[in-house]
2 protein chains.
Amino acid sequence: MPSDIVLIRPSTTEAADGIEKALSSHLFLIVIGKCQVEYRGRARSKLPGGERVLLVKEDGSILIHRKKDYSPVNWQPPGSLFYSEVHDSLLKIRALRRQPHESLEIEFESVRLVAGLALRDEAEFVLHADEAEMKRAVLLKPALIMEGFSPSESEKPLDSGFIDLYGKDAAERQVVVEFKKDTASKEAVLQLSRYINELRARIPHRTFRGILAAPALRKDANRLLKTFGFEFVRLDPRQCAEIISQAPPSLTLTKYLSQ
Amino acid sequence: MPSDIVLIRPSTTEAADGIEKALSSHLFLIVIGKCQVEYRGRARSKLPGGERVLLVKEDGSILIHRKKDYSPVNWQPPGSLFYSEVHDSLLKIRALRRQPHESLEIEFESVRLVAGLALRDEAEFVLHADEAEMKRAVLLKPALIMEGFSPSESEKPLDSGFIDLYGKDAAERQVVVEFKKDTASKEAVLQLSRYINELRARIPHRTFRGILAAPALRKDANRLLKTFGFEFVRLDPRQCAEIISQAPPSLTLTKYLSQ
DNA sequence: ATATGCATGTCGCAC
DNA sequence: GTGCGACGTGCATAT
């Protein structure tokens with residue numbers, strides 16, 4: 001790979017040269033060295049000197065990782081603009097972002113490694129079993145909620161939020177379904193109660209059933225659910241995934257509902 | 001640094017050796033190469049072959065970054081356990097986590113770079129102007145909320161959540177303050193209304209004032225605020241930061257309130 | 001562009 | 001450990 005850059009223990013001037021090349025060629029850039037970091041924008045932060053790992057990507061995202069923790073100590077989302085300069089053997093990298101206006105300044109005093117690589121990666125990432133998949137499974141097989149359930153509207157807008165799935169039961173009662181892909185907590189029940197409250201206020205003579213559909217229910221959620229008189233339906237993510245896998249994957253939610 | 005490991009274009013067997021050493025010495029490990037990734041746990045994901053950057057940290061966190069995007073495509077939080085093996089010149093790395101039980105499997109077919117480094121970094125990260133700082137500023141100067149405001153309790157527990165700051169106004173009316181460090185949205189007003197509702201239900205004969213303290217208010221939040229009869233107080237983050245900077249930094253919130 | 005809610009969110013703090 | 005809310009949250013989606 002002729003464009004590859006790997007510099008071991010370069011001077012800051014040599015490092016700056018490699019970094020410039022990597023940035024202008026839109027390579028994946030890694031810089032490891034002793035630096036201090038300052039952020040100004042939505043908040044402000046200061047990180048005094050220490051050895052860290054800097055990642056810069058071609059889409060203008062930048063991450064600074066310390067020796068611990070999952071999350072970067074400082075960062076800038078994609079779309080940032082980079083500037084670098086050497087001054088008194090200090091290597092300074094700035095990442096600027098508009099909207100919101102914020103800046104990240106990294107100052108290296110010594111560099112242990114610079115790597116600039118063109119990553120070849122065209123693969124498609126696939127994630128299963130999120131909230132959207134649960135809803136899709138229910139639309140394919142409404143009996144997952146209850147026998148005779150008939151969905152009519154997805155993401156129905158109310159003042160207090162959006163109903164995940166709206167429909168009727170076999171007795172023509174209105175049904176409000178709230179999905180949670182993980183163990184449902186009190187918050188989910190409160191969300192459901194907000195929707196039902198608003199609906200009951202708007203249409204006083206109808207009966208509304210509140211359904212919380214999730215793989216499990218936390219104890220506090222169960223108590224609150226009974227207080228409000230709502231119902232819990234256990235939905236197994238794996239079962240949902242299986243139902244999805246047997247259906248054509250290209251159908252959108254809107255299409256399901258307008259069938 | 002005798003423990004440093006840098007391998008350029010190693011065979012998978014050589015790479016595995018370096019990776020083993022890095023993992024057992026708890027170094028910061030970087031592996032760049034062509035790999036496929038599979039995750040099973042709270043959800044499931046599959047990423048077919050392509051070149052990526054793998055980071056493994058001494059605290060048991062692991063990140064896989066692609067050439068774009070701020071967030072890692074796959075990861076595991078701190079506390080994961082690592083296993084590696086070579087089989088048919090395929091280098092496999094597994095990261096396991098209990099509670100919740102989830103696993104990440106990375107299979108390298110070729111490696112462009114392995115780096116294992118001990119990062120020296122003892123610096124303390126400081127973040128200014130978050131919600132906690134706003135509260136601290138108000139405790140130092142309660143008039144920021146209103147003339148004669150007297151805070152009495154921080155994070156006061158209710159069934160429906162925790163009140164950011166609780167106190168009295170000059171006329172001995174109860175005051176509930178909700179802080180937002182950014183432009184406040186509808187959610188903030190609904191949160192405030194939950195608290196006030198519960199308080200009014202519990203203590204029917206008292207008057208409660210709901211205050212939303214934030215740098216700005218979104219249009220929908222303003223409407224809802226008027227509906228509920230709550231009040232908005234503009235709090236400038238920079239002003240808060242200034243007030244903080246003039247006070248001894250070591251005082252905790254509890255100390256402020258018990259003074 | 002703004003608004004809204006999800007996320008394998010993560011993280012810290014209180015119980 | 002569980003519960004709960006903040007986060008420089010980031011992110012997709014719908015309007």
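- Only one option out of K34(B), R66(B), K68(B) pairs with D121(A) in a side-chain hydrogen bond (donor to acceptor under 3.5 Å, both in side chains); it is R66(B).
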**OP:** Mark up nucleotides 5-11 of chain C, 5' to 3', with B wherever a protein heavy atom is under 4.0 angstrom from a base atom, S wherever such an atom reaches only the sugar-phosphate, and - elsewhere.
**Re:** SSSBSSS

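- Rounded to an integer number of Å, the gap from CZ of R136(A) to P of dT13(D) is 10 Å.
- Atom C1' of nucleotide dT15(D) and atom CZ of R218(B) are separated by 13 Å, given to the nearest angstrom.
- Separating the NE2 atom of H128(B) from the C1' atom of dC7(D) is a distance of 17 Å, rounded to the nearest angstrom.
- A salt bridge links E187(A) with R194(B): at least one charged nitrogen is closer than 4.0 Å to a carboxylate oxygen.
- dG10(D) sits 14 Å from dA6(D) when the C1' atoms are compared, rounded to a whole Å.
- One finds no salt bridge joining K135(B) and D164(B) here, because no Lys/Arg side-chain nitrogen approaches an Asp/Glu carboxylate oxygen to under 4.0 Å.
- The backbone N or O of C35(A) sits less than 3.5 Å from a side-chain atom of R52(A), completing a donor-acceptor pair.
- Checked for salt-bridge contact, D220(B) and R218(B) meet the test: a charged N lies under 4.0 Å from a carboxylate O.
- Although no hydrogens or angles enter the test, the distance criterion places no donor-acceptor pair under 3.5 Å between the side chain of E178(B) and the main chain of L192(B).
- Taking atom CG on L190(B) and atom C1' on dT4(C), their separation rounds to 12 Å, with Å as the unit.
- Formation of a donor-acceptor pair under 3.5 Å by the Y195(A) side chain with backbone atoms of F162(A) is found in this model.
- Distance NZ (K219(B)) to P (dA1(C)): 16 Å, rounded to an integer number of Å.
- L224(B) has its CG atom 14 Å from the P atom of dA3(C), to the nearest Å.
- The aromatic rings of H65(A) and H65(B) sit perpendicular to each other, their planes meeting at more than 60°, with 30° as the lower class boundary.
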Original post:
Just the dot-bracket of DNA chain D, please: which string comes out with Watson-Crick or G-U pairs under 3.5 Å, [ ] for crossing, | for another strand?
Top reply: |||||||.|||||||

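- Taking CZ of F149(A) as the reference point, atom CG of L165(A) lies at 4.5 Å (rounded to 0.5 Å).
- Distance L158(B) CG to dG5(D) P: 11 Å, rounded to the nearest Å.
- As rounded to the nearest Å, dT4(C) and dT8(C) have P atoms that lie 23 Å from one another.
- Rounded to whole angstrom, the span from the CD1 atom of I62(A) across to the P atom of dG8(D) amounts to 17 Å.
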